[in-house]
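Values below: all heavy atoms of this structure, side chains included; hydrogens, waters and symmetry mates excluded.
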Amino acid sequence: MVKVLIADDHSMVREAWALLLSRDQRLSIVATCENGEQAISLCREIIPDVVLMDINMAPVNGIEATRAIREFSTEIKIIGISVHTDLPYLNALMLAGANGYVTKNSPAEEMIKAILLVVEGEKYFCKEIADIQKKGE
């Protein structure tokens, strides 16, 4: 079973992702938190397989938290989640060490696919981001 931590500063978003993802028997939501500081601490404590990391959080944002987690673990997979489709956000998160990026517009099935693929060692970009990248080429 894949252990998932959800880090997002909006409680409704955390609850919705937890509810939707917990329906898949391959996934276990082991914790949720509201900022990057908590995400870093929980990653040290419970060592999840995957973190769903919102980018815009305070006092520590998702990019900073990803960078900090990478300092003590390359095993924990990190998927950025955001409303932003701007490539600078994506690039900053990937440079910090993330394994994928999924927008909050993506359906639950796509998030599940992303989780399962990054656990296998692949990078994952949701369809919305992939389409934007193709247009930019």
Side-chain angles (χ1 to χ4, degrees):
M1 187 167 288
V2 179
K3 298 183 299 182
V4 179
L5 171 109
I6 301 169
D8 195 294
D9 59 344
H10 294 99
S11 62
M12 291 288 284
V13 172
R14 287 192 308 271
E15 291 170 18
W17 279 120
L19 178 66
L20 291 168
L21 297 175
S22 65
R23 293 179 179 167
D24 191 300
Q25 295 179 351
R26 298 167 291 184
L27 308 178
S28 171
I29 308 306
V30 294
T32 64
C33 61
E34 63 187 37
N35 63 53
E37 198 170 56
Q38 292 173 354
I40 295 163
S41 177
L42 285 167
C43 281
R44 286 185 192 276
E45 185 182 325
I46 61 177
I47 310 167
D49 298 310
V50 177
V51 178
L52 302 183
M53 183 77 74
D54 185 22
I55 291 179
N56 293 318
M57 299 183 287
V60 177
N61 70 39
I63 295 166
E64 295 164 342
T66 297
R67 198 174 294 118
I69 292 165
R70 281 293 163 256
E71 289 178 8
F72 64 85
S73 175
T74 56
E75 297 303 309
I76 297 171
K77 307 301 183 195
I78 301 171
I79 298 172
I81 54 173
S82 181
V83 294
H84 296 288
T85 58
D86 304 338
L87 294 181
Y89 281 98
L90 168 69
N91 293 335
L93 192 70
M94 298 310 288
L95 285 172
N99 305 92
Y101 194 92
V102 176
T103 64
K104 291 182 180 179
N105 294 330
S106 300
E109 297 78 28
E110 187 162 31
M111 181 63 83
I112 292 167
K113 179 180 177 181
I115 291 167
L116 297 175
L117 285 172
V118 299
V119 164
E120 294 299 320
E122 295 186 39
K123 298 267 187 214
Y124 186 84
F125 302 102
C126 69
K127 182 181 183 325
E128 189 175 9
I129 293 296
D131 288 348
I132 291 168
Q133 286 178 320
K134 285 179 189 170
K135 288 179 187 173
E137 290 177 357

For residues [X] and [Y]: do they belong to one hydrophobic cluster (side chain heavy atoms under 4.5 Å, members Ile, Leu, Val, Met, Phe, Trp, Tyr)?
X      : Y     : answer
Ile81  : Leu20 : no
Val30  : Val2  : no
Ile112 : Ile29 : yes
Val51  : Trp17 : no
Val13  : Leu19 : no

Could you state the interatomic distance from [atom1] ([X]) to [atom2] ([Y]), rounded to the nearest 0.5 Å?
X      : Y      : atom1 : atom2 : result
Ser28  : Leu5   : OG    : CG    : 11.0 Å
Leu117 : Lys123 : CG    : NZ    : 13.0 Å
Thr103 : Glu110 : OG1   : CD    : 7.0 Å
Leu93  : Arg67  : CG    : CZ    : 9.5 Å
Thr66  : Ile79  : OG1   : CD1   : 11.0 Å
Arg14  : Asp8   : CZ    : CG    : 7.0 Å

Next on the checklist: A quick test of your reading: do over 12 heavy atoms of other residues, nucleotides or ligands sit less than 6.0 Å from NZ of Lys127?
Outcome noted: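 Counting other residues, nucleotides and ligands, NZ of Lys127 stays at 12 neighbours or fewer.
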Checklist entry - With a cut-off of 6.0 Å (strictly less than), are more than 12 heavy atoms of other residues, nucleotides or ligands near CE of Met12? => result no
Considering all heavy atoms, the nearest [X]-[Y] contact:
X     : Y     : answer
Cys43 : Pro48 : CA-CD, 3.8 Å
Met53 : Ala65 : CE-CB, 3.8 Å
Ser82 : Ile55 : CB-CD1, 3.9 Å

So, does [X] use its side chain to make a donor-acceptor pair with the main chain of [Y] at under 3.5 Å?
X     : Y      : answer
Lys77 : Ile115 : no
Ser73 : Ile69  : no
Asp9  : Glu34  : no
Arg70 : Ile76  : yes
Glu45 : Ser41  : no

Side-chain contact test, heavy atoms from C-beta onward, threshold under 4.5 Å: evaluate it for [X] versus [Y] and give yes or no.
X      : Y      : value
Glu64  : Ile40  : no
Ile129 : Thr85  : yes
Ile46  : Lys3   : no
Met94  : Phe125 : yes
Leu27  : Val50  : no
Asn35  : Val60  : no
Val83  : Asn105 : no
Tyr124 : Val102 : yes

Item to check | salt_bridge(Asp54, Lys104) N-O dist < 4.0 Å | outcome: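 The answer is yes: the pair qualifies as a salt bridge.
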Checklist entry - Among pairs that include at least one residue of residues 79-99, which meet ring pair (Phe, Tyr, Trp, His ring centres under 6.0 Å), considering only residues two or more places apart or in two chains? => result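 Of all non-adjacent pairs touching residues 79-99, those that pass ring pair (Phe, Tyr, Trp, His ring centres under 6.0 Å) are His84-Tyr89.
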Next on the checklist: Filter on salt bridge (Lys or Arg N to Asp or Glu O under 4.0 Å), then keep only pairs touching residues 85-99, sequence neighbours left out; what's left?
Outcome noted: none
